[in-house]
Amino acid sequence: MDEDLELCPLPDEVLVLLGELAAPPRLVAHLRLVHDVARQLADWVAERCPELGLDRDAVLFGAATHDIGKTVHRGELSGPGSAHEPAGRDLLLAAGVPPRLARFAAGHADWGPAATAEDLLVSLADKVWKDRRVPELEDLLVDALARAGGGERWSWFLALDELLSAVGESAAARLAYQARHPL
């Protein structure tokens with residue numbers, strides 16, 4: 001039940017843009033879910049590792065718009081595909097969104113060693129909202145936390161694992177919430 005989720009709302013500027021693009025309800029629900037999880041992750045990182053210098057606003061905007069290209073490639077709402085990624089970046093740039101924020105739409109599924117902590121958090125939120133764990137992605141974030149915050153890598157790993165496990169406990173409710181919204 002979504003009453004138990006207490007989701008934070010999407011930013012007003014994102015809601016306006018989604019309205020202009022006639023975003024389907026399922027996409028808006030998905031973006032809200034990922035945005036909410038990204039907020040949890042970003043708040044945890046900011047509290048535990050302020051040395052990382054995380055751009056929380058970028059993470060939240062990136063999570064709230066990461067799949068916006070699916071307004072153009074609607075088949076990717078219920079099936080595989082990556083055409084929405086460059087399309088999303090282009091939509092955001094055309095709307096006047098700075099490239100440093102539009103990049104999340106094109107890069108949320110393509111992370112690697114050069115990814116920033118913000119990139120990793122948007123990608124991670126897009127996975128863990130439904131309790132999907134990606135060890136390689138999590139390891140990159142653990143490495144970034146250990147480099148910035150110091151301490152033993154294993155302690156960062158355990159702390160992040162505890163957080164992601166807790167987030168995963170609400171995955172069924174999030175999936176049900178998303179499913180109640182039409183494509």
A.B. asks: For the aromatic rings, using the six-membered ring if either is Trp, is the centroid distance between H30 and H35 under 6.0 Å?
C.D. replies: no
A.B. asks: Apply side-chain contact (heavy atoms from CB on, under 4.5 Å) to A125 and list each qualifying residue two or more places apart in sequence or on a separate chain.
C.D. replies: V34, V37, A38, L41
A.B. asks: For D126, give me all partners under salt bridge (Lys or Arg N to Asp or Glu O under 4.0 Å), at least two apart in sequence or on another chain.
C.D. replies: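 Salt bridge (Lys or Arg N to Asp or Glu O under 4.0 Å) list for D126, sorted by chain: empty.
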A.B. asks: Would a hydrophobic clustering, with Ile, Leu, Val, Met, Phe, Trp and Tyr connected at side-chain separations under 4.5 Å, put V16 with L21?
C.D. replies: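 No, because V16 and L21 fall into different hydrophobic clusters, even though each may have its own neighbours under 4.5 Å.
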A.B. asks: Just by distance, with hydrogens left out, do T116 and R100 show a side-chain donor and acceptor under 3.5 Å apart?
C.D. replies: no
A.B. asks: Does the side chain of R39 come within less than 4.5 Å of D36's, by heavy atoms?
C.D. replies: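 Of all side-chain heavy-atom pairs linking R39 with D36, at least one is under 4.5 Å.
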A.B. asks: Which pairs, with at least one residue in residues 14-29 and sequence neighbours excluded, count as a salt bridge (Lys or Arg N to Asp or Glu O under 4.0 Å)?
C.D. replies: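 Sorted pair list comes back empty.
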A.B. asks: Flag the pair L91 / L17 as yes when at least one side-chain heavy-atom distance between them is below 4.5 Å, and no otherwise.
C.D. replies: no
A.B. asks: Answer yes or no: is there a side-chain heavy-atom contact under 4.5 Å between W129 and S170?
C.D. replies: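 A side-chain contact under 4.5 Å is absent here.
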A.B. asks: Could you check if a side-chain atom of Q40 sits within less than 4.5 angstrom of a side-chain atom of L163, using non-hydrogen atoms only?
C.D. replies: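 SC-SC contact between Q40 and L163 ruled out.
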A.B. asks: Between atom CG of D67 and atom NE2 of H84, what is the distance when rounded to the nearest 0.5 Å?
C.D. replies: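 It is 4.0 Å, given to the nearest 0.5 Å.
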A.B. asks: If you look only at pairs with a residue in residues 79-96, which of them pass as a salt bridge (Lys or Arg N to Asp or Glu O under 4.0 Å), with sequence neighbours excluded?
C.D. replies: none
A.B. asks: Can you sort out the partners of V28 under side-chain contact (heavy atoms from CB on, under 4.5 Å), two or more places apart, ordered by chain and number?
C.D. replies: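 Once residues adjacent in sequence are excluded, the partners of V28 under the side-chain contact (heavy atoms from CB on, under 4.5 Å) criterion are L10, L18, A23.
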A.B. asks: Below 3.5 Å, can you tabulate the donor-acceptor pairs from side chains in residues 140-150 to any protein atom, sequence neighbours excluded?
C.D. replies:
{"residue": "D143", "atom": "OD1", "partner": "R153", "partner atom": "NE", "Å": "2.7"}
{"residue": "D143", "atom": "OD1", "partner": "R153", "partner atom": "NH2", "Å": "3.3"}

A.B. asks: Is any side-chain heavy atom of F157 closer than 4.5 Å to one of E152?
C.D. replies: no
A.B. asks: Could you tell me if the ring centre of H108 sits under 6.0 Å from that of H66?
C.D. replies: yes
A.B. asks: How long is the span from the NZ atom in K70 to the CG atom in L183, to the nearest 0.5 Å?
C.D. replies: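 The CG atom of L183 is 10.5 Å from NZ of K70, to the nearest 0.5 Å.
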